[in-house]
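Read the structure below first, then the notes.
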Amino acid sequence: MHVSYPPPVNAAPNYGQPPRKNRAGLVIVLLVVLLVGVIGAGGFLAYRLVSDKFNNSSTPDPATAPVSSPTPKRSVPVQPTRPVQPRTTKPTVVKPPVTKPPATTPAGSAPELAARFVAQLNANNSTGAAALACQSSKQLVPLLMGQFLRPPTRLTTGTLIAQSITFVMPVSGTTKGSSVTGVIVMHKIAPEPLCVRAFTITPG
C-alpha cells in the first residue's frame, strides 16, 4: 500500500541551489579520533600506574625489609699463650785470681830426702838417719853423727845443688850451742833409689 504524503506547505523548490553537505560523517570521524585519543591516553596512564606499582612492589623498603641475621663465624680456638717469665740476669761472679800454692817437694826428690834426713839429725835418731842412707853408708852415717853432732842440734837446709846423679844440699844451724855449716851428699844410682851417701859438719 503506497501512502503519499502531501508536500509541505509554502516549501519553495530548491532549483538552482547547491546540494547541502552531509556533516554527519565528519562528526563521526572526529568522535572516533577523540575516542582513540582518550583510549590511548587512558592506556598509557594505566601502563604507567601498573609499572610504578610493580617497581615499588619489587624494590623492598629498607625500613620494612626483613633484616637477615649475619651468619655466625666459626670461632677458632685460641691457644693459651704461656706467660713470659722475666729473664733474670745472674750477677757476674768475679772469681778471685787463682794463686798456685808453692810447689811442694815431691816425695822421693832430693830436697824432700834432705829435709827428712835433717829431721833425724836434729832428733839425734841415728837409726832413722841410717834408714835413709845408701846401702853402703848405713853404718857410716851413725859414726858421722857421733863425730860431728852434740845434742841439742838445730839444722836447716839451703838451696839444692844438683848434678846428674849427685845432689848436694847445704845445711846450717847449731849443735850443742855452736854454729855449724855443712853439706849432705845424695846419690841416685840404679838399682838403688835416691839415698844419702854421706854428710859433713864443720864449725861455722
Return a table of donor-acceptor pairs under 3.5 angstrom between the side chains of residues 157-164 and protein atoms on other chains or two or more places apart.
none

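- Within the model, atoms CD1 of I165 and CZ of R197 stand 9.0 Å from one another, a figure rounded to the nearest 0.5 Å.
- At a threshold of 4.5 Å between side-chain heavy atoms, the hydrophobic network of Ile, Leu, Val, Met, Phe, Trp and Tyr places L140 and V185 in two separate groups.
- Rounding to the nearest 0.5 Å places CE of M186 at 5.5 Å from CE of M169.
- Between T175 atom OG1 and R150 atom CZ the span is 7.5 Å, to the nearest 0.5 Å.
- Between the CD atom of Q135 and the CD1 atom of I189 there is a distance of 13.5 Å, given to the nearest 0.5 Å.
- Contact annotation: the side chain of V180 never approaches that of T202 to less than 4.5 Å [non-hydrogen atoms, C-beta and beyond].
- Counting only residues at least two apart or in different chains, disulfide (SG to SG under 2.5 Å) contacts with residues 145-183 are absent.
- Not counting sequence neighbours, the partners of P142 by the side-chain contact (heavy atoms from CB on, under 4.5 Å) test are S126, A130.
- Listed for the N125 side chain is no donor-acceptor partner under 3.5 Å among the backbone atoms of Q120.
- Taken to the nearest 0.5 Å, the CG atom of L121 stands 7.5 Å off from the OG1 atom of T153.
- Each disulfide (SG to SG under 2.5 Å) pair with one or both residues in residues 115-182, not counting sequence neighbours, appears once here: C134-C195.
- Legend: residues meeting side-chain contact (heavy atoms from CB on, under 4.5 Å) with Q139, ordered by chain and number and at least two apart, are absent.
- For F148, the side-chain contact (heavy atoms from CB on, under 4.5 Å) criterion is met by L144, F199, I201, not counting sequence neighbours.
- Scanning for side chain to side chain donor-acceptor pair (under 3.5 Å) contacts around N124 gives an empty result, with sequence neighbours left out.
- Within the structure, ring-ring contact (aromatic ring centres under 6.0 Å, His included) contacts touching residues 123-144 (residues at least two apart or in different chains) do not occur.
- Applying the ring-ring contact (aromatic ring centres under 6.0 Å, His included) test to every pair with at least one member in residues 155-191, sequence neighbours left out, gives no pairs at all.
- Take S172 and apply the side chain to side chain donor-acceptor pair (under 3.5 Å) test, not counting sequence neighbours, and it matches no residue.
- At a threshold of 4.5 Å between side-chain heavy atoms, the hydrophobic network of Ile, Leu, Val, Met, Phe, Trp and Tyr places L194 and V141 in one connected group.
- Considering all non-hydrogen atoms of both residues, V171 and V183 come closest at CG2-N, 3.9 Å.
- Residues that satisfy the side chain to side chain donor-acceptor pair (under 3.5 Å) test with S137, not counting sequence neighbours, are absent from this structure.
- In this view, T174 and R154, S179 satisfy the side-chain contact (heavy atoms from CB on, under 4.5 Å) rule, not counting sequence neighbours.
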